[in-house]
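Right, one structure below, let's go through it.
Note: hydrogens, waters and symmetry copies are ignored here, and every other heavy atom, side chains too, is used. Chain A is the first sequence line, chain B the second, and so forth, proteins listed ahead of strands; every chain is numbered from 1.
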Protein chains: 2
Amino acid sequence: MRAKQSYSANRIDHLIENVTENELCDLAELFKVFGDSTRIKILYVLFHGEKNVTEICESLDMNQSAVSHQLKILRTSKLISSRREGKAVIYGLADDHVKTIIAMGKEHIEE
Amino acid sequence: MRAKQSYSANRIDHLIENVTENELCDLAELFKVFGDSTRIKILYVLFHGEKNVTEICESLDMNQSAVSHQLKILRTSKLISSRREGKAVIYGLADDHVKTIIAMGKEHIEE
DNA sequence: TGAACATATGATAATATATTCATATGAACG
DNA sequence: CGTTCATATGAATATATTATCATATGTTCA
């Protein structure tokens, strides 16, 4: 996991300078991944540490197949990473951007 | 528009403590709004200042009706605000979270 | 090896979403 | 007041997405 860091207004302005149309489409694809309650619940569960699929299913009280399908989407977007440990596959957050993005969202809806 | 501010790791951790299931669903709804290329292009155009509907249509090279439908979704989510000025309706970003959220997304896809 | 457990995946059906077309609303101005 | 310009909206269609069911793959261990 990357080191945590702060995001100043200048840094933000610099990041969003000159974004191409293709990059905007990629961004939309990324946010689409956050835009589903099952997936965001999975991410939130993983905020508190790594979990295997069965544990994630129990946390969400959801069908294993539905969860696995969504895990695949999260993996493809590189929001989570996985490793096998015996019979189980352990999932965890890929980096801290996930937390930051969700925190920004939360702050928005709180207002 | 709100004053700009920094987001420290501690602040982020504090924001995402104890998020309820309902809040997670609201978050998913919010991110769903960012998860469409038309809408994110509209937001990006508005980064550079207020614009009326015709100008937004020209920037995106898109049909007025399609743009208006998406503007409505952005308005409902309070990501943009609008005011009438004569015949035209002027749209602008509602607050700085939009920029921050998109900057975080961009940083993620850059890696 | 084969039984039991854990996870992934393909196909399907139900639902949601975006764009288009047609039209309505609203403002300005002769 | 009627025409023109600007924007909004409803209905319909096309497409995308999600959850479920059935089943396949992969791992452990007797």
> Considering all heavy atoms of both residues, which atom of A/Leu27 and which atom of B/Lys106 are nearest to each other, and what is their separation?
Replying inline: CD2-N, 3.3 Å
> Between A/Glu29 and B/Ser37, is a side chain to side chain contact (heavy atoms under 4.5 Å, CB included) present by the stated rule, with each step listed?
Replying inline: CA-CA 8 Å; A/Glu29 287 305 306; B/Ser37 59; over 6 Å; no
> Which whole-number value in Å describes the distance from B/Lys87 NZ to C/dA27 P?
Replying inline: 12 Å
> How far apart are the C-alpha atoms of B/Phe47 and A/Val19, what are their side-chain angles, what is the distance that settles it, and do they pass the side chain to side chain contact (heavy atoms under 4.5 Å, CB included) test?
Replying inline: CA-CA 11 Å; B/Phe47 279 3; A/Val19 182; over 6 Å; no
> Which is true for B/Ser68 with a 4.0 Å heavy-atom rule: it touches a base, it touches only sugar-phosphate, or it touches nothing?
Replying inline: base
> With respect to the phosphate group of C/dT9, does any side-chain polar atom (N or O) of A/Lys72 fall under 4.0 Å of OP1 or OP2?
Replying inline: yes
>> Both B/Gly86 and A/Asn52 contact DNA chain C. Taking the nearest nucleotide for each, which residue is further toward the 5' end?
In response: A/Asn52
> Which letters describe nucleotides 17-23 of chain D, given B = protein heavy atom under 4.0 Å from base, S = only from sugar-phosphate, - = neither?
Replying inline: SSSBBB-
> What is the distance from CZ of A/Arg75 to C1' of C/dA8, rounded to the nearest Å?
Replying inline: 8 Å
>> On a heavy-atom basis, which atom in A/Ser82 and which in A/Arg75 lie closest, and how many Å separate them?
In response: OG-CD, 3.7 Å
>> Using OP1 and OP2 only, check whether a side-chain N or O of A/Tyr91 sits under 4.0 Å from C/dA8.
In response: yes
> Can you check the B/Arg83 CZ to D/dA6 C1' distance for me, whole Å?
Replying inline: 15 Å
> Which pair of non-hydrogen atoms, one from A/Arg83 and one from A/Glu85, has the smallest distance, and what is that distance?
Replying inline: NH2-OE2, 2.9 Å
> Does A/Arg39 use its side chain to pair, donor to acceptor, with the backbone of A/Lys32 at less than 3.5 Å?
Replying inline: yes
> Given atom CD1 of A/Ile90 and atom C1' of D/dG26, what is their separation to the nearest angstrom?
Replying inline: 15 Å
> How long is the line joining CG of A/Leu74 and C1' of C/dA8, in whole Å?
Replying inline: 15 Å
> Roughly how many Å is it from CZ in B/Arg84 to P in C/dT25, rounded to a whole number?
Replying inline: 14 Å
